[in-house]
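Order of the sequence lines sets the chain letters (A, B, ...), proteins ahead of strands, with each chain counted from 1.
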Amino acid sequence: MKFKLASASIALYAGFVLIALAAPAVLPAYPLFVFSLAVVNIIAVLGVNVTMGYAGQISLGHAGFAAIGAYTTALLMAHGDWAFWTALPAGGLLAGVFGYLLGLPALRLGPLYVSMVTFGFGFVVVLILQNWYELANGPNGMAVAPPQLFGNDLTPHQFHYFVVVVAVALFVVTRNLINSRVGRAFVALRESEVAARAMGVNVAATKTLAFGLGAAYAGIAGGLFAGLTQFINPDSFVFGVSISYVTMAILGGSGFFAGPIVGGLTLTVLPELLRGAAEYKELLTGFVLLMLLIFLPRGLVGLLWDRFSVRPDVIREVKSIKTDAIDKSVRPDSSRELLRVTDVSLSFGGLAALKNVSLEVNEGEIVSIIGPNGAGKTSLFNTISGLYSPNKGAIEVAGQPVMGYRAHQRARMGISRTFQNLELFQDMTALDNVLVGAHGQITNSPIESAFRLPGERRREAEQRSRALELLEFVGLLHYAEERAGSLSFGHQRLLEIARALASRPKLLMLDEPAAGLNSTEVGALADIIRLVRTRYGASVLLIAHTMNLVMALSDRVIVLHHGVKIADGTPASIQKDAAVIDAYLGEVSNA
Amino acid sequence: MDLFWQILVSGGMLGSLYALVGLGFVLIYRSTRVVNFSQGEMLMLGAILALYFYQDLKLPYGLAFVGSCVTVGLLGAFLERVAFRPLQRAPVITLILATVAVGQMIRSAVRIVRGSEVSHFPPLFPTTPFTVGGVTLTALTVGTVILSIFLVGALVLFIRYTRIGRGMEAAAQNRDAATLSGVSINQTFLLTWAVSSALAAAAGILIAPLIVITPDMGIIGLKGFIGAILGGFLTIPGAIAGCFLLGIIENLAGYYISGAMKDVVSFGLLLLILIACPQGLFGRQEARRA
Amino acid sequence: MVRINFKRVSTVAVAIALGMLAHGRAIAQSGISDTEIRIGMWTPLSGPLSLLGTSTRDAVKIWSDDINARGGIHGRKIKFIAYDDAGSPQEAQAAVRRLLTQDDVFMLLGGSVSGSTLPVRQVIDRAKVPFLASISSNINLMQPFSRYLFRIYANEISLSEHLVEWAVKDMKSKKPAIIYTSNDYGIGGYNAIRDFMRKSYGIDFVAAERYNPNDQDFSAQLLRIRSAGADSILVFSFAAEAGIIVRQAKELGINVPLFGGAATATPLFQRAAGDAARGFVAVYPLPELTETSTAPAVLAYRKELEKLYPGGMPAGRPSEYDFLAYTAAKTVGQALERAGRTLDREKLVQELEATRKFDTGLTFPISYTAESHEATGRASIIQVGDDLHWKMIQSSAN
């Protein structure tokens with residue numbers, strides 16, 4: 001199955017590349033030009049797909065990045081005597097820097113503001129190019145000398161080959177990135193920013209990288225456009241161009257690898273076909289676009305994907321995994337303190353969620369936190385994992401204060417967690433979810449990933465087999481290549497545990513892992529939690545309402561009530577505690 | 001000094017127009033989370049229809065005004081039903097593109113019908129300038145500002161004190177809670193589109209005598225939108241204040257820096273403000289996700 | 001995981017690519033056959049600039065239909081191909097290549113706005129296909145000189161000279177100001193006027209204010225002009241914006257004479273400006289007013305145009321672009337007549353260069369030489385009268 005699909009797509013891509021390369025031999029100049037233009041657009045759309053499709057960051061300003069790439073290339077050639085071949089990457093780089101800088105304000109803003117910031121950016125780039133007459137003739141535009149090779153001007157045919165080669169190279173790089181640590185972080189960001197942070201993904205770095213990379217691609221597309229048409233003016237990069245890039249990305253299939261190819265080709269050729277419609281062209285394109293959005297929301301590739309995709313089968317691969325391998329690097333010493341929370345208080349707009357809470361967890365210990373709804377249990381988790389900052393108090397992990405660290409850093413220091421309301425990366429496979437959990441474990445840099453350097457391959461393979469092993473551990477190996485969102489509720493809970501374990505946590509915080517499970521599933525869960533301690537050496541902090549589970553598993557139980565810790569002791573002592581019975585246990589039936 | 005006041009007053013007047021057009025964006029966004037790029041086209045259509053009713057059909061001004069608002073409001077509701085409701089669950093960007101597509105269709109349809117016609121809506125008030133304390137004004141600009149303020153005030157009252165308005169507000173605050181408390185989300189969205197489209201039409205009719213009616217006149221809507229973001233998109237008073245501020249900043253930048261660079265300056269300012277306070281100047285926290 | 005072995009794919013690809021590099025295709029076609037001459041056009045037929053494009057297309061269509069009805073030129077009928085570029089440079093790039101290589105046109109007529117004509121100038125020049133432009137007035141279109149590019153329009157410099165002469169010499173303006181748009185038309189015009197005024201009269205603008213296309217408020221610029229104490233204002237922008245500018249100027253109490261570039265010299269200006277249009281003066285590239293002229297050539301053209309639009313004439317038509325394009329087409333026609341039955345592109349260029357005082361009655365007479373491909377330096381001065389219609393007040397003799 002796997003090989004069938006893989007070879008089918010290889011055949012498709014290879015076919016496309018062959019057609020693109022054969023085009024000059026058979027096509028007259030005009031269709032060839034349209035073809036080259038389509039490939040240039042495809043590169044820009046690839047940039048949109050990275051920023052928006054994978055990382056989920058809206059950009060309405062990609063034409064602005066293309067303009068920066070085009071003008072940088074043209075100006076370096078005209079005034080700096082640079083060759084096209086060196087000016088082009090410089091243009092891409094500068095566009096990338098602008099994208100990176102634009103990503104900075106976007107860090108703190110919601111999607112609406114990001115869309116307006118990027119929109120405004122594209123708008124201002126054109127205004128500046130138009131008004132800065134001394135830079136590049138303002139609206140009169142500037143001619144670009146034809147790219148030269150060995151002293152000869154490149155013919156349109158040769159330039160077409162060059163454009164195709166650049167496109168193929170960028171697609172290979174993108175493919176590598178998307179299947180690596182960075183790419184998984186992009187998608188994780190899109191699917192759930194909170195979970196990404198808790199799994200050790202540096203959201204700030206990832207977002208700015210997504211913007212920078214997408215912008216660099218657009219910049220390269222701009223430089224190629226300059227080389228192709230040999231004339232650029234501000235009108236070539238107006239808002240409508242940004243919109244058409246985004247349209248190509250959506251129409252092709254946002255977040256699909258082949259999306260830019262399909263979208264870029266279709267929408268470069270469509271206006272050529274509609275040229276005869278003259279006065280009615282705008283109306284028609286608007287109508288066609290609207291219909292596509294309504295009836296093909298996942299784009300053309302999405303449509304095909306939903307219909308024909310076959311999940312590869314990983315079972316074969318797993319045969320070689322030693323599932324009984326015990327992680328010997330972490331041997332818990334139950335006398336050593338792992339987590340210390342001291343006098344933590346947290347309030348939201350005057351409402352106190354936690355009041356002077358202190359607690360400790362030793363290595364290898366399983367501690368449950370119980371309490372009625374609104375007692376502050378999840379707030380405590382969020383405070384420990386760094387999603388909330390407390391008003392006062394201190395938190396130490398293995399003797400090291402963690403207050404100054406952000407969520408993703410704390411994840412890398414050994415704090416991992418699951419979420420009460422399930423924050424899986426719905427659109428990723430189960431396997432990729434677990435691999436995001438291992439984000440902090442993999443040290444590959446984006447450069448290593450982009451070129452799939454040998455060390456990167458080895459580390460990826462290691463993490464991959466570890467991830468499969470974790471899936472096996474929670475009993476989800478057969479679902480490794482299923483979309484996480486398509487798993488049953490119980491399986492999703494287990495997948496979150498596997499994902500949380502992937503970061504090799506010292507402290508695993510499980511937020512109501514039993515909620516919504518039936519009694520058989522709860523039994524299996526209890527076994528897994530016990531094994532977490534013996535096999536992975538992690539301490540477990542558990543929020544649960546299911547008393548059977550709490551009493552059977554816990555070394556110790558902590559009771560929270562209205563943000564105050566009212567009891568802390570062995571399960572047996574808690575069950576007898578008058579204050580606890582009064583506040584909580586009396587209310588719940590021993591389910 | 002007189003000149004400074006003149007710049008402030010001219011800017012404030014411009015800002016009141018921005019507020020009028022910006023509010024339509026805010027209304028739709030608050031309830032439906034759609035950034036409606038076709039709002040400007042609704043505005044243009046409102047002006048053109050009113051001109052047609054008033055000049056070609058010789059209807060009285062009031063009737064032309066109401067007729068145009070109702071027609072455009074119905075169009076808004078129709079679009080919600082056929083184009084935007086099917087996309088309710090689609091990603092934000094898909095909805096943005098859908099509104100761009102709708103805007104383009106309206107613009108090109110108008111162009112097909114009217115060609116490149118440019119028209120000027122006859123002013124309701126005299127345009128002879130007079131001077132108050134060194135500031136030059138006309139009855140037309142002052143009258144338009146008063147009408148704008150009146151319209152904005154009426155809208156605020158409408159939201160606060162009518163059932164439809166409260167439903168819109170409930171949907172804006174919390175979609176799930178609104179559903180639970182018996183507000184039909186579909187019906188509310190339909191009404192939101194109708195009301196904000198009608199508002200856009202009203203804005204277009206009021207603004208038309210001050211600018212020109214072309215298929216592209218809706219571009220002024222974007223200014224209102226940016227002003228609303230500047231002030232804080234999610235509160236109506238914040239959005240209005242932001243629009244006034246944008247008008248004034250534009251005029252100050254245009255006078256003291258450069259006319260061609262005023263958009264660059266005001267955008268730069270917008271960026272700085274958003275970096276410093278991500279909810280806009282007078283805004284409040286947008287509900288955090290998860 | 002679907003992984004693609006790009007390495008293998010790209011090895012194959014590079015091999016194929018290298019094999020093809022040597023392969024080139026020379027296209028040397030003529031654009032004519034025994035029975036037809038293909039004439040191409042790319043122009044904005046959709047979008048905000050469609051008035052220009054539709055006027056230009058209709059004019060050439062009227063001309064070619066007329067020629068074909070009379071049996072063509074030396075036995076060849078005109079095959080007229082027009083493509084929309086929506087005023088977008090990207091689309092213009094593709095459209096022109098389509099005309100040059102796919103449709104193999106003999107020549108190009110009309111063209112698009114400067115923003116979508118300048119980018120393809122080089123492509124046309126290299127293809128050695130004659131192009132007679134009737135829309136763009138940008139100076140850069142004709143610089144550096146190309147043997148294959150001709151223009152029917154007076155360029156910005158000569159139009160501006162007429163305007164400046166009227167303002168500074170006839171109206172005795174000592175402190176003129178200018179407000180112009182930051183596109184190629186506005187900036188090109190501003191530079192030309194400023195230089196000419198400085199050189200010929202030693203006068204500088206007391207205020208030169210720029211705005212961006214699509215701006216709808218000009219109070220900041222007008223206040224700067226007011227503060228500078230200007231005694232006249234030149235409005236170098238398109239009709240719709242000019243309409244707002246003159247109204248806002250009056251509303252700010254600015255009561256100096258206002259005058260405008262050729263783009264304001266259209267009936268659309270009064271529709272945008274309303275009553276504030278009265279007294280506005282503009283330079284006009286034609287000797288006859290398109291809207292009101294009763295010259296026989298104008299009446300004849302209008303009759304033909306009405307046939308194309310039985311449902312009623314579109315707003316603003318016939319425009320000056322109708323007349324310019326129609327004259328361009330007829331100029332080509334007379335050159336083709338003289339060139340005779342044996343025809344190639346070089347011969348057309350020679351015959352175009354031999355055009356002397358060719359007069360259609362719609363524009364100023366057209367003359368070209370081997371050194372100058374600019375048709376005319378002449379222009380008229382027109383003014384909006386009390387009845388809100390343009391009136392001819394001066395028509396240049398040279």
With chain B, which of C:Ser182, C:Ser50, C:Ala220 has the greatest number of heavy-atom pairs at distances under 4.5 Å?
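Counting heavy-atom pairs under 4.5 Å, the top option is C:Ala220.
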
With chain B as the partner, which of C:Ser319, C:Gly274, C:Pro314, C:Ala276 has the greatest number of non-hydrogen pairs under 4.5 Å?
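Heavy-atom pair counts peak at C:Gly274.
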
Considering non-hydrogen atoms only, spot the tightest contact between [X] and [Y] and give its length.
| X | Y | answer |
| --- | --- | --- |
| B:His120 | C:Arg271 | CB-O, 2.8 Å |
| C:Asn212 | B:Ala260 | ND2-O, 2.6 Å |
| B:Val118 | C:Ala272 | CG1-CB, 3.4 Å |
| C:Arg224 | B:Ile257 | NH1-O, 3.5 Å |
| C:Ala240 | B:Thr214 | CB-CG2, 4.0 Å |
| B:Tyr255 | C:Ser227 | OH-OG, 2.7 Å |

Any donor and acceptor pair, going by atom type alone, linking the side chain of C:Arg210 with main-chain N or O of B:Gly259 inside 3.5 Å?
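No; judged by distance alone, with no hydrogens or angles, the pair does not exist.
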
Using non-hydrogen atoms and a 4.5 Å limit, figure out which bit of [X] sits close to chain C: side chain, backbone, both or neither.
| X | answer |
| --- | --- |
| B:Arg107 | neither |
| B:Thr127 | both |
| B:Leu222 | neither |
| B:Ser258 | backbone |
| B:Tyr256 | backbone |
| B:Leu14 | side chain |
| B:Leu140 | side chain |

Could you tell me the separation between the [atom1] atom of [X] and the [atom2] atom of [Y], rounded to the nearest 0.5 Å?
| X | Y | atom1 | atom2 | result |
| --- | --- | --- | --- | --- |
| C:Lys250 | B:Thr138 | NZ | OG1 | 13.5 Å |
| B:Ile220 | C:Asp215 | CD1 | CG | 10.5 Å |
| C:Asp217 | B:Met13 | CG | CE | 11.5 Å |
| C:Glu241 | B:Ile211 | CD | CD1 | 11.5 Å |

Taking ring-ring contact (aromatic ring centres under 6.0 Å, His included) as the definition, give me every residue that meets it alongside B:Phe225, ordered by chain and number, with sequence neighbours left out.
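Checked B:Phe225 against ring-ring contact (aromatic ring centres under 6.0 Å, His included); matches are B:Phe25, B:Phe233.
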
Does atom CZ (B:Phe150) have a neighbourhood of more than 12 heavy atoms from anything else shown, all under 6.0 Å?
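Atom CZ in B:Phe150 is not packed in, count stays at 12 or less.
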
Is it the side chain or the backbone of C:Ala273 that comes within 4.5 Å of chain B heavy atoms, both, or neither?
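The backbone, not the side chain.
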
With a 4.5 angstrom heavy-atom cut-off, is it the side chain or the backbone of C:Arg317 that approaches chain B, or both, or neither?
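Looking at C:Arg317, nothing touches chain B.
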
Before giving the answer on side-chain contact (heavy atoms from CB on, under 4.5 Å), spell out for B:Leu137 and C:Glu251 the whole-Å C-alpha distance, their side-chain angles and the decisive distance to 0.1 Å.
CA-CA 7 Å; B:Leu137 297 167; C:Glu251 284 162 15; over 6 Å; no

Full working for side-chain contact (heavy atoms from CB on, under 4.5 Å) between C:Leu252 and B:Gln6:
CA-CA 9 Å; C:Leu252 286 171; B:Gln6 176 79 60; 3.6 Å; yes

Heavy atoms under 4.5 Å from chain C: which residues of residues 197-210 of chain B carry them?
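The stretch touches chain C at B:Pro209, B:Leu210.
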
